[in-house]
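Below you'll find the structure, written out as structure tokens, and then a few comments.
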Amino acid sequence: MNDKKQLLSAEQVDFLTEVMNIGAGNAATALTQVLQCQVDLVIPRVFIIADAKELSTLNNPSLPVVCARMGMVGDVSGGLFFIVPEEQKKDLIRLAEQAMTGTSQLWRAGLTSQESDDLKLSVIAEIGNIVTGVYLTAVHDFCRLNIFHTVPTVATDMVQALLDESLVRLSRQVQHIIVIENEFVVEEKLIRTFLMMIPSVESVNILVNSIGQARMAMAQDGG
Amino acid sequence: MQNKIEVMMGGGAVTTAPHIISSLGLGSCVVVTLYDPKWKIGGLAHIMLPDSNSLNGYHPPYKCADTAIATLIKELRSMRANPRDMVAKLVGGAKMFLSSEDSSPGIGEQNIMSVKHILSREQIPLVGKSTGGNYGRSVEFYLDSGKLIVKAIGQEVKEI
């Protein structure tokens, strides 16, 4: 018996992609301010993983990544993960360190340029915090959902190892994961990041219905 | 020719020497291997949950510890392996993120306890393990020797 169901229709995925596009544009603006240099965004890709096994979207369950894990609370509950492949971590941190001076946001967040590894991971957490906030604002504005994220905890390890406990806790049966792949271009470097949204089993219907309704409303407005 | 079978999260496989079964990216999940050293037949399950009673309806056979081990035993028996000769090894069950609000045993620890309990009930000895901690692991199971190679980022490769 195949209990894999399409979480969202193709049109709904398109709509969600447009919402995330706007989120991504705002994220680029926010990151430009945070990193104090021009951040451009390659159009984000949104895809839905309907089965935890398909997590090999990231192609390699043992891929080393830095992961900022946040809780999702409000109209939709669950988990949020901001993921940066390990090989990109150095670029991102170097850019962030350049920006940790004066009155920059990172400096105000209490981060200063130091050698400590923990602090470097805090940089990723803070960037994840900012990017996630921007996306959830877009979701609020377009889908009328109040979703908040909790303070990130960050770890570096194999990507699947970092996700598996949350996958199991949030839904013991079918897994629906929304993945937003963002590529940012900063100083000619391409930095690939992922934001994964895992709604809890209780919240999945709320999320789907809100997206469906918002999409219908937009279609009716001729938008 | 030696084949490498890759087992994904919630999956399992059985095979014979000279092949290899591998599974990557274990966090709270556990890998259990069963091996008959006489016939060099064995199987690997990548288990996500300690107990299938928490699930309704259909679920993949290797996803939960109880059904996974039962399935492995059944499959190996059908290949003429002898349960009395079988030995088991266990890898994984880490707690990847420390959470102050969450003092209950994590899924990792529950998976470890569940597997140990079931193996003991089946009277299959646990002869090797690499479990717990706060880091991810990948496993390769060599059917010619029964050996497991366990890798973790930033650590020496371990052989159990």
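A, B, ... follow the sequence lines: proteins, then strands. Residue 1 opens every chain.
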Neighbour count above 12 (heavy atom, 6.0 Å) for B:Glu156 CD: no
Rounded distance (nearest 0.5 Å) linking atom OG of A:Ser62 with atom NZ of B:Lys151: 9.0 Å
Side-chain heavy-atom pair B:Met9, A:Gln160 within 4.5 angstrom cut-off: yes
Nearest atoms (heavy-atom pairs only) where A:Asp157 meets B:Ile153: C-CD1, 3.9 Å
Chain A interface, residue from B:Ser138, B:Gly25, B:Gly108 that has the most non-hydrogen pairs under 4.5 Å: B:Gly25
Side chain to side chain contact (heavy atoms under 4.5 Å, CB included) involving A:Arg144 - partner list, sequence neighbours excluded: none
B:Met79, CE: over 12 other non-hydrogen atoms inside 6.0 angstrom: yes
Chain A contact via B:Leu26 - which portion, at a heavy-atom distance below 4.5 Å: backbone
Heavy-atom side-chain contact between A:Met158 and B:Leu24 under 4.5 Å: no
Distance (rounded to the nearest 0.5 Å) between B:Met96 CE and A:Leu163 CG: 9.5 Å
Sidechain-backbone polar pair: A:Glu165 side chain, B:Ile107 backbone, donor-acceptor under 3.5 Å: yes
Which atoms of B:Asn111 approach chain A - backbone, side chain, both or neither, heavy atom under 4.5 Å: neither
Chi angles and distances behind the side chain to side chain contact (heavy atoms under 4.5 Å, CB included) call for B:Phe97, A:Cys67: CA-CA 10 Å; B:Phe97 291 92; A:Cys67 172; 4.2 Å; yes
